[in-house]
Amino acid sequence: NNSKSIFIYMNDFTGQLSLNFPFFDIEKSIIGGILADEMGLGKTIMTLSLIGYAFINPQHNEHIQLINQRSKSFSGKKIDEDREENAQNLIVVPTTLLHQWKDEIHRVFGERLTVYIYKYENRRNYIDLSQYNVVLTTYGIVRQDKFAQNYSRNLYRYNWSRVILDEANVIQTIGNQTTMAILDIKGCARWCLTGTPIENNLSDLYSLFSFLNYEPWCQKKLFDDIIINPLYKFNEIQVLSKVNKLIKPIMLRRTKFFF
């Protein structure tokens with residue numbers, strides 16, 4: 001019998017069938033993800049562990065930058081060729097947590113890592129942020145750096161090795177200035193820290209996917225067609241099943257019952 005088996009592949013999200021094996025494009029894969037542990041379970045210390053690991057293993061940063069260089073676009077947007085300088089870690093936090101992060105970094109690393117707080121009074125002049133291991137700033141400063149006139153826009157001069165958003169639910173409103181400013185920052189690895197990745201509805205996930213450049217789900221029309229619109233037409237359980245499959249590869253969430 002010379003007959004050969006025929007394999008048919010189905011896309012779980014669209015229902016499309018194909019005879020071709022699904023192609024994985026590393027140039028469209030994300031580096032990073034969502035850390036969604038409940039409050040008090042150590043999102044900050046886990047993030048600092050990652051930064052510390054990269055600090056003592058420089059090849060880790062080189063690896064993610066190499067993958068980033070192979071990628072010709074982020075969500076269809078060409079990498080800004082004017083941003084030729086590379087910088088290390090940018091951490092964006094709510095204003096109330098700024099000094100808490102600085103104190104925690106100092107507690108963990110002492111003087112081994114250089115930390116710079118980028119705030120209101122330093123934005124008028126050019127600052128070489130690439131010389132610091134960690135740059136801490138707030139969502140408000142990022143917004144002002146992007147949209148205010150007569151400022152140096154220091155944060156946008158660099159391709160960052162790692163961009164970390166604490167309380168990332170701040171950017172869940174697509175279209176406001178804070179979200180637009182955050183999405184315009186260039187970074188190789190991107191991390192969202194939030195205990196509430198979904199606060200109001202499933203649309204909250206879209207802004208996080210956009211920040212992570214999670215292809216193809218950072219495309220608004222496809223996200224709406226596959227996730228949002230079916231909520232009003234089909235069984236919610238079917239839609240939530242798709243959402244679970246979407247977030248499983250990129251999100252870690254542990255509750256207090258996990259321990």
Side-chain angles (χ1 to χ4, degrees), residues 30-35 47 68 71 73-102 115-130 132 134-194 196-200 203-215 217-220 223:
I30 71 169
I31 308 170
I34 303 171
L35 183 56
T47 303
N68 183 46
S71 177
S73 66
F74 283 125
S75 303
K77 295 184 292 186
K78 191 174 181 180
I79 292 176
D80 192 338
E81 295 177 352
D82 293 332
R83 304 179 193 178
E84 296 178 351
E85 289 189 81
N86 291 325
Q88 298 184 49
N89 299 283
L90 174 65
I91 305 178
V92 185
V93 306
T95 303
T96 55
L97 299 179
L98 189 63
H99 289 281
Q100 179 178 322
W101 268 89
K102 181 184 178 183
V115 181
Y116 184 80
I117 294 184
Y118 184 67
K119 49 189 178 180
Y120 181 82
E121 55 267 26
N122 0 67
R123 293 183 302 117
R124 291 188 179 274
N125 302 313
Y126 170 73
I127 300 169
D128 181 11
L129 298 177
S130 65
Y132 301 101
V134 178
V135 174
L136 280 169
T137 194
T138 68
Y139 289 97
I141 293 299
V142 174
R143 182 183 66 249
Q144 293 173 17
D145 219 39
K146 171 69 177 174
F147 293 105
Q149 296 182 354
N150 302 320
Y151 286 97
S152 58
R153 303 184 81 243
N154 283 303
L155 298 175
Y156 295 90
R157 296 177 181 271
Y158 303 95
N159 290 310
W160 298 88
S161 289
R162 191 174 292 103
V163 181
I164 299 162
L165 305 183
D166 191 18
E167 301 296 342
N169 46 291
V170 169
I171 68 164
Q172 285 176 343
T173 303
I174 284 291
N176 70 17
Q177 286 192 337
T178 298
T179 302
M180 289 189 291
I182 290 293
L183 295 182
D184 199 39
I185 291 176
K186 294 296 183 286
C188 301
R190 294 160 173 257
W191 291 94
C192 297
L193 313 184
T194 173
T196 53
I198 300 174
E199 282 191 316
N200 300 309
S203 296
D204 293 341
L205 285 174
Y206 173 71
S207 58
L208 303 184
F209 290 171
S210 295
F211 171 72
L212 295 172
N213 297 312
Y214 187 20
E215 293 281 3
W217 306 105
C218 55
Q219 301 173 27
K220 187 68 165 65
F223 183 86

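All of these numbers come straight from a predicted model, not from anything done at the bench.
Smallest separation of non-hydrogen atoms from W101 and I91: CZ3-CD1, 3.8 Å. When all heavy atoms of C218 and N213 are compared, the pair lying nearest together is SG-C, 4.0 Å. For the pair A87 and S130, the tightest heavy-atom approach, listed with the atom from each and the gap, is CB-CA, 4.1 Å. The shortest non-hydrogen separation linking K146 to D184 is NZ-OD2, 2.6 Å.
Contact annotation: the side chain of I185 never approaches that of F211 to less than 4.5 Å [non-hydrogen atoms, C-beta and beyond]. No side-chain heavy atom of V115 sits under 4.5 Å from any side-chain heavy atom of Y132. In this structure, Y158 and V135 have side chains that are not in contact, with every pair of non-hydrogen atoms separated by 4.5 Å or more. Looking only at side-chain heavy atoms (C-beta outward), W191 and D166 stay at 4.5 Å or farther from each other. With a 4.5 Å cut-off on side-chain heavy atoms, V142 and T137 count as touching. For the pair L129 and W160, the minimum side-chain heavy-atom distance is below 4.5 Å.
Take Q172 and apply the side chain to side chain contact (heavy atoms under 4.5 Å, CB included) test, not counting sequence neighbours, and it matches N169, E199, D204, S207. With sequence neighbours excluded, the residues that form a side chain to side chain contact (heavy atoms under 4.5 Å, CB included) with T179 are I171, I174, N176, L183. Every residue two or more places apart in sequence or in another chain that forms a side chain to side chain contact (heavy atoms under 4.5 Å, CB included) with F223 is listed here: L205, Y206, F209, I227, I228.
The CG atom of D145 sits 10.0 Å away from atom OG1 of T138, with the distance rounded to the nearest 0.5 Å. Once rounded to the nearest 0.5 Å, the distance linking CZ of F147 with CZ of R153 reads 9.0 Å. One distance of note links CE of M180 with OG of S210; it measures 13.0 Å at 0.5 Å rounding. In this structure, CZ on R162 lies 5.0 Å from CG on N89, to the nearest 0.5 angstrom. With values rounded to the nearest 0.5 angstrom, I198 atom CD1 is found 10.0 Å from S203 atom OG. Put simply, CZ on R143 and OG1 on T178 are 4.0 Å apart, with the number rounded to the nearest 0.5 Å.
Under the 3.5 Å distance criterion, the side-chain polar atoms of Y156 are matched with a main-chain donor or acceptor of A181.
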| field | side-chain contact (heavy atoms from CB on, under 4.5 Å) between L208 and Y214, intermediate numbers included | value | CA-CA 9 Å; L208 303 184; Y214 187 20; over 6 Å; no

| request: Please test I34 against L212 for side-chain contact (heavy atoms from CB on, under 4.5 Å), starting from the C-alpha separation and ending with a verdict. | output: CA-CA 9 Å; I34 303 171; L212 295 172; 3.7 Å; yes

